[in-house]
Amino acid sequence: MSTSGSDAGTGPGANRGVSSSGPAGSAATDRFAGSGTHPDADTVEADTTGAAAVGAAPSATARSAPGGAGRRGTVFDETMLGTVRLDGEDHARRVRLDLRVTTDRVLRPLGTTAARASGRIRVAGWADDADAAGELEISPLARRRIRYRISFTADGRRFTLDGWKSVTPRRPVASMTVLPFTLYENGERAGRGTLRFPVATGLAPFLASFRFPRAAEGAETLMTPRWKGEPGRTEVWYTTLTDPESGTGLWLHHELTAPADGSEPYAHGWAAVFPKDGPVRHARFGPAEWTPGRTGFTAEGVEAVPGRLTGSAGALRWDLTEQGVDAPLFTFPRWSWRRPLLPAAQILPAARASYGGTFSYDDTTLTPTAAPGASARIYGHGNARRWAWLHADLGDGDVLEIVAAVSMRPGLRGLPPLVFLRLRRGTRDWPRRAERSAVGWAGLGRFRAAVGLPVWTVSGRAGLHRIRVEVTQPEDRTLALDYTDPDGSPAVCRNSERADAHVLLERWWFGGWRTEAEWTLDGTAHAEVGTR
Amino acid sequence: MNLTGFVASLIADDGTAGWPSRVPARLDAVLDSMPLPARAGVRSAARALDAYAVVRTGRGLAALTTGERESVLASLAARPALLPLLDVLKVPVLLAAGTEHMLQRPRRAPRPVRTDPPLDCTPAGEWPDRSTADAVVVGSGAGGAMAGRTLARAGLDVVVLEEGRHHSTASFAGRAPLERFAELYRDGGATVALGRPPLLLPVGRAVGGTTVVNSGTCYRTPDHVVERWTKDFGFVLAERLGPYLDETERTLNVAAQPLDVLGRNGRIALAGAEHLGWRAAPLRRNAPGCLGSCQCVVGCPTGAKQSVQLAVLPDACAAGARIVTGARVRRILVDPDRPGGPVAAGVRVRREGGGEFEILAPLVVVAAGALQSPPLLRRSGLGGHPRLGRNLSVHPATSVAGRFDEPVTAWEGVLQSVGVEEHHDGGVLIEATATPPGMGSFVLPGLGAELRRELEDADRLATLGAMIADRPSGRVQGRDRTLLRYDLDRRDGDRLMRAARAMGEILFAAGAREVLTGIPTAPRARDLGELDAVLAAAGPRKLHLSAYHPTGTVAAGSDPERSPADATGRLRGVAGVLVADASVLPGCPEVNPQLSIMAAALAVTEAHLER
């Protein structure tokens, strides 16, 4: 609901609002959008760090993200066999070179691509170094050369293999597969040889090894403001966490609102604490003037920047450090964050984060250490018409993130909620495509949400798995806040950082469903429901 | 095909002497070293001659008696149109016959003057397929050697690539001149510039390039030439040529040739010039301690001549440069996608025995010679400049011989000994030049018995050569094979006629009984008047012409439209390619160009290092 609608975000707290509506459906969206972080399972490897991320730049804002929003790299494996004759020896030795080649950009067949290579070199009776490393210059057409410079250790001495394939259209196969090289030790020649790419046995694995992972993008990039001055936008940085020691839930909400009427943008937000044994309390800060050009959110002494959250609101005061411990998670399709075609989108710069520091309210001071939680970002036109949100840290590195929303846009507001559900187990996100749960196959097989209070549910099936999520937000642990959209329309958000959740994951197995995993969260789920 | 009958006819082998019977085998060897067209031409002509004999007598030349062969040749010689053709056929035969005839005579065994300084030479077959360097120099001749030495001394890792092989002084001393001839020259010495008239344009191919086979004459670039290069072409480096010429002269130990080993050929030239009151003197040469072996053109057998593989390349190797022999550069590798435009990245080289290797280097110095550099650049995709390969200047040359009563024995003494500069202002430079028999550009007159007599009396001949400063009227075409076009300018034809007459004057003044003109239809003149008449009737195209010293095909200059290389010798349109050989000279140097080329190469590389 973006545009039209106003209100409500769900945010973990109150209003964070974003709006958004799903493209597809209408519903969806609330604020979150996102998709799994990892590129798909297949490509996961590529982002070795896991943090892959993508990007950030909305189209409208047209920010060219540093490092290129959503820029992809290339990874492939290559194995070559051949012989080398060391200087001073009268016989050739067999060589095997296994390389993993990584570039920061998609290979450019017509241009030149610099790449890093690492792998293993084996020379019969002389060397076996699994830490060989070096670089490649891949320029098959422009420079007609694919050059390898690989350093390795043999006999405790350091050698460099330097050679290149010299590509010629007259002998395309031979010239692309034969790599004559020279060995150097400290710049002095130490041998020469030839490696060959075995086409018959090596081509299929070589081609199958190609991956084009998105270049890793730091949390800093994902935390940078997206707003570039357009009226009628809202941008949110919010953080929810659970102090494991006291069982207290915390919610920090930082929001930038650019009213649709073109008046001055303002920064505001609130903090809320959900003690285990006391009433929920919260306090607002702002509105304050917005200063562009910062990293993250900074206004009126409140900061939400990569790695750090500080500020105060009323009697609440916090100074927390944040450490992402997982790759970004895109609850909405990744493209919707890069190009904000949806009314709004939500991402988690890190699917899970660990918090430490202090949070004080009244006369109580919490000192969470390694407290689990997550920060999220929302950018869009406003809040949804109705929405529900869940962030559940399932333990053992598993995370469940759900946004179910009905858009404000005319025509979409009559649809059932669009469900964006991302279950990350290990490095894999399920369903693989974020769109799958929202729209299914042209609507068939989409995930269902029954949004209500105090209990709401989401269920759906994708592939051989099905999931059922039941979230309970007891009224005494829930905070109701009023949201205001950029166009001024109101919404009400009911948020609990001490919600309960039950998640059942089943797998189909020869005619029946078997439980694959089941999680029960008792007061550690973060959830909210927004209405108009 | 068997050349016995053909040779026996031309040199009238009557079986009375042993050496003519060995000539056919020698001729076979000579032909084998020549490029296919020349080889096929000579063999076809021999076949045609044989066929003519069959038609005329019913038998082939080999089956005829000496008298019958004479009559067959006489009937051919009666047709003046055939005489120039027969003259061309005589060239390889005389080369073989001269060698065999000379081997009859006792020879002084040449003594080495000094041992060769060491070179770091690697045959291409032993060079790795892939290597890198700071700079690659294509060609090891006058320009390439100087560039290689300069860059190596500046601390760069330099590889010099040479298509030919390395020949040591010892290898020269151990073999007959003709055996060396085929190895040291490109196309077996039969490089021809097509045009009217066609010109023979011999160029060397060996470590040391043409300096191995030139006469060692070292003229400094004349001042008026330097001025023309600077003012007319904007070749700014020419202004600084003086100190570089000094350094080159020091390097090569250039000095005036002492009179002691000058030889009678040179003395005759001096005497004739003195009689006429003309300016003449022994030439300045790079051959200290020259023993007068008269074999400069096939490699000095004593090591006296300081060609660059003895004087420059050893210094380059001492500074770390390496030479790869038997390595023909196929193309200069260019990285077209570098920021700022295309950049040279190295070279791809074909090995003599087959196969290729590559060297990556950010600097490529092109010094393949004026005839080979343009095709190399075209093969490399760098031949886009419309003036590349044009502007070819050579020194068209002709020679005449004088017959004296006393033996001259021109091949004992300095090969190119005396320069007569009386007409140099008019673009004519006369140099007394004698060669081992058959290797000179002078062709003995006659056929059959007459030619045989001339061969056996050759020791009474003194030969002079004259080269003229030409207008650049040639071009180098081709990518893989060089194709030369050269059309003699009308003005240059007049100069050649003046040169021929002046040489006749010198010879008559020195007491020659007759002058051999080299013109097939009128080979002899007994006095100056007769010579004038012969020359007037013949015209320059009838002279026996050859050409030397090709220059100017990748000329340097300030005008981007006229000059493929910029004013400091960098090839336009690509970064990292220097031109440092005769092709970079913007115009005809008007003198033997070795010093000019070396100084220009020095200037180009120094200018690069200063940047």
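Chain letters run A, B, ... following the sequence lines, proteins first, then strands; residues in each count from 1.
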Is any side-chain heavy atom of B:Leu333 less than 4.5 Å from a side-chain heavy atom of A:Arg144?
-> no

Which atom of A:Arg147 lies closest to which atom of B:Leu360, heavy atoms considered = NH1-CD1, 3.4 Å

Report, as yes or no, whether the 6.0 Å neighbourhood of atom CZ on A:Arg94 holds more than 12 heavy atoms from other residues, nucleotides or ligands.
-> no

Is a side-chain donor or acceptor of B:Arg130 paired with a backbone partner of A:Trp164 at a separation under 3.5 angstrom?
-> yes

Find the one option among A:Ser139, A:Ser166, A:Gly163, A:Gly193 whose heavy-atom pairs under 4.5 Å with chain B are most numerous.
-> A:Ser166

Is it true that atom CZ of A:Arg170 has more than 12 heavy atoms of other residues, nucleotides or ligands lying nearer than 6.0 Å?
-> no

Would you find more than 12 non-hydrogen atoms of other residues, nucleotides or ligands less than 6.0 Å from B:Glu610 atom CD?
-> yes

Just how far is it from atom OH of A:Tyr184 to atom OG of B:Ser131, taken to the nearest 0.5 Å?
-> 5.5 Å

Does a sphere of radius 6.0 Å around CZ in B:Arg165 hold more than 12 heavy atoms from other residues, nucleotides or ligands, not counting ones at 6.0 Å or beyond?
-> no

What's the shortest heavy-atom distance between B:Asp337 and A:Gly111, and which atoms?
-> OD2-C, 4.0 Å

Side-chain donor or acceptor of A:Arg192 paired with backbone N/O of B:Trp127 under 3.5 Å | yes

Which atom pair, heavy atoms only, marks the closest approach of B:Asp129 to A:Pro180?
-> CB-CB, 3.5 Å

